[in-house]
Protein chains: 2
Amino acid sequence: MAKKYLNIYSEIANKIENGEFKPNMKLSSENELMKEYGVSRDTVRKALNLLEQYGYIQKIRGKGSYVLDVNKFDFPVSGLISFKELSKKIGMKTNTILEVLELIKPDEYLMKQLKISENNQIWKVVRTREIGDKRIILDKDYFNKKYIPSLTKEICEDSIFNYIENELGLKISFARKEITVQQATKEDKKYLDLENYNMVVVVKNYTYLDDASLFQYGESRHRPDRFKFVDFARRRTLYPNG
Amino acid sequence: MAKKYLNIYSEIANKIENGEFKPNMKLSSENELMKEYGVSRDTVRKALNLLEQYGYIQKIRGKGSYVLDVNKFDFPVSGLISFKELSKKIGMKTNTILEVLELIKPDEYLMKQLKISENNQIWKVVRTREIGDKRIILDKDYFNKKYIPSLTKEICEDSIFNYIENELGLKISFARKEITVQQATKEDKKYLDLENYNMVVVVKNYTYLDDASLFQYGESRHRPDRFKFVDFARRRTLYPNG
DNA sequence: GAGTGGTCTAGACCACTAA
DNA sequence: TAGTGGTCTAGACCACTCT
């Protein structure tokens, strides 16, 4: 049942993260990989394209595929990763405190953000995230009850995304993130250890399921000195009209 | 010489941006597109995969491909885009002022950032960017002279990236970006209209050529209230080991 | 000239969705 | 059951790099 190209991808990605494949090392050619794994060239190429897309290797025509220098301790990593997944990755002492969990009727702002009417019910979840004994992040999340019928304290203190994907079987497909910097509100000052900072970094997040329905809106509000966003971007030459 | 899958990509992307293909509309199936364009299924799929990757469409197995709602006025757009490309896209009145252009020997910090020795010579370029008559962005860029032999005032006031790609024929392949928030320095206060803000958003940028050599390091320092970063991210389920 | 990655084709089987 | 997208194969020709 395993997809061949994903197996090949994982195996090579692992070796790069382990250090078994070192930066600047040349990978086997596509022809050699075909024989090594006993698959067609197309399958090898799918795996290599994923590795390139996620910054593990660089393919150079006429030469071969080369291992890039992977910084694995970037925090947070680019893309869509939950706080829980992240904590595991960086191995710091972290803690989640559930501040609010309630079912509400959406106000004007939420109706606009989630593109819903006032008849929908919304789960409101407010959590603070401690990193090294300081309250650094305030997460305010809103879920459409249509997709998430019930939520408990336990789920919120563990990982909501984990519950959604593994228990409910919903598939998260993509998200839009928006990073801005704002004046700290009273709420920010109440929930966070802001010290003398009067601004917060706000990451707004719109999450969609695989049928392209918007099911979550969230704001992650960070103390500015502890915020870092890392992005690996390949050059886009793909805008229509050049 | 045109690549078929890029033509198909551009044509469909254009129709989506124009509004000819509206959000939630169903595209022709892969089979139909094969006939419409007279190409193989693989070629159609390459085009559709690009469209999906860049957030234009969502493919749903067993159903078809659906047009997503494209917000084209995001500022800045995610990915690797120069100030010049950006200004064109958003149609605001913008202006670039060249503050410093000189050839220097790298200090400790630069040697580390650009991974070079003190024997290399470095172009230092400092530019301020006005948006609507206010100096909003301070761009400090450092280029390895090894790759960029000469730089002029004209090039810096136009687009350095344009010069590099079209005149020098170098291929920019990928970049690492890092977004943090810092206390404003004296230099920030000197060059920018910071009003009462005492912090700046710093976007560090490491740009690589297609042979994976690092050729540029830059810092883009933004007034916090005028900074916005938008990211479209597909769910990553592709970390090794789960 | 030999080897590499990039594009394209034609055909097969599968899992999923919808009527 | 018919149609859809997802995976996989085998083979072809091209442009590029290295020697």
Side-chain angles (χ1 to χ4, degrees), chain A residues 1-12 24-53 56-68 169-174 208-213 234-235 237-238, chain B residues 1-12 24-53 56-68 169-171 173-174 209-213 234-235 237-238:
Chain A
M1 194 71 308
K3 294 169 196 168
K4 295 186 183 177
Y5 73 91
L6 279 184
N7 285 344
I8 299 173
Y9 165 86
S10 300
E11 196 167 320
I12 297 177
N24 298 320
M25 200 188 93
K26 187 170 175 296
L27 288 187
S28 305
S29 72
E30 297 183 352
N31 255 306
E32 291 165 341
L33 288 172
M34 281 171 67
K35 291 168 200 158
E36 287 177 28
Y37 288 97
V39 297
S40 72
R41 186 162 166 231
D42 199 55
T43 301
V44 167
R45 284 178 59 74
K46 266 191 195 163
L48 293 184
N49 284 338
L50 281 175
L51 288 165
E52 180 171 46
Q53 199 179 324
Y56 285 103
I57 65 170
Q58 178 73 15
K59 300 169 84 178
I60 305 177
R61 172 153 53 184
K63 294 182 75 174
S65 299
Y66 293 84
V67 177
L68 293 178
L170 298 177
K171 279 187 191 154
I172 294 165
S173 176
F174 61 92
Y208 296 79
L209 300 175
D210 65 345
D211 63 354
S213 61
R234 293 208 166 262
R235 177 76 166 158
T237 50
L238 292 171
Chain B
M1 196 68 309
K3 294 170 194 167
K4 295 187 183 178
Y5 74 91
L6 279 184
N7 284 344
I8 300 172
Y9 166 87
S10 301
E11 196 167 321
I12 296 177
N24 299 320
M25 200 187 93
K26 187 170 176 295
L27 287 188
S28 305
S29 73
E30 297 182 352
N31 254 306
E32 291 165 340
L33 288 171
M34 280 171 66
K35 291 168 198 157
E36 288 177 27
Y37 287 97
V39 298
S40 72
R41 185 160 167 234
D42 199 55
T43 301
V44 167
R45 283 178 59 75
K46 266 190 195 165
L48 293 184
N49 284 338
L50 281 176
L51 288 165
E52 180 172 46
Q53 199 180 324
Y56 285 103
I57 65 169
Q58 177 73 17
K59 301 169 84 177
I60 306 177
R61 173 155 49 186
K63 294 183 74 175
S65 300
Y66 292 84
V67 176
L68 293 178
L170 298 176
K171 278 185 192 155
S173 175
F174 61 92
L209 300 176
D210 65 346
D211 63 354
S213 60
R234 293 211 165 259
R235 176 76 165 161
T237 50
L238 291 172

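Numbered from 1 within each chain, the chains take letters A, B, ... in sequence-line order. Bear in mind the structure is a predicted one, so any value in this text is a computation, not a measurement. Note that these values count all heavy atoms, side chains included, but never hydrogens, waters or copies made by symmetry.
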Checklist entry - Sequence neighbours excluded, which residues qualify as side-chain contact (heavy atoms from CB on, under 4.5 Å) partners of B:N7? => result B:A2
Item to check | Pairwise distance CG(A:D42) to NZ(A:K46) - rounded to 0.5 angstrom | outcome: 6.0 Å
Item to check | With A:S29 via side-chain hydrogen bond (donor to acceptor under 3.5 Å, both in side chains) - residues at least two apart | outcome: none
Next on the checklist: Which heavy atom of B:L51 sits nearest to which heavy atom of B:I12, and what is that distance?
Outcome noted: CD1-CG2, 3.6 Å
Item to check | CA sep, side-chain torsions, deciding dist, call: A:L50, A:L6, side chain to side chain contact (heavy atoms under 4.5 Å, CB included) | outcome: CA-CA 9 Å; A:L50 281 175; A:L6 279 184; 4.0 Å; yes
Next on the checklist: Are more than 12 heavy atoms, taken from residues, nucleotides or ligands other than A:K171, located less than 6.0 Å from that residue's NZ atom?
Outcome noted: no
Next on the checklist: In whole Å, I'd like the distance from the CD atom of A:Q58 to the P atom of D:dT17.
Outcome noted: 14 Å
Item to check | Under the side-chain contact (heavy atoms from CB on, under 4.5 Å) test, residues paired with B:R41 that sit two or more places apart | outcome: B:E30, B:M34, B:R45
Checklist outcome for this item: When the rotation axes relating C1' atoms of four end pairs to the next four are compared across the helix from C:dG1-D:dC18 to C:dA18-D:dT1, five pairs an end, they differ to 10° by 10°
Item to check | Qualifying residues under ring pair (Phe, Tyr, Trp, His ring centres under 6.0 Å), relative to A:Y208, sequence neighbours excluded | outcome: A:F174
Next on the checklist: Within the 4.0 Å limit for protein heavy atoms, which parts of nucleotides 3-8 of chain D are touched? Write it as a string from 5' to 3', B for base, S for sugar-phosphate only, - for none.
Outcome noted: BBBBBS
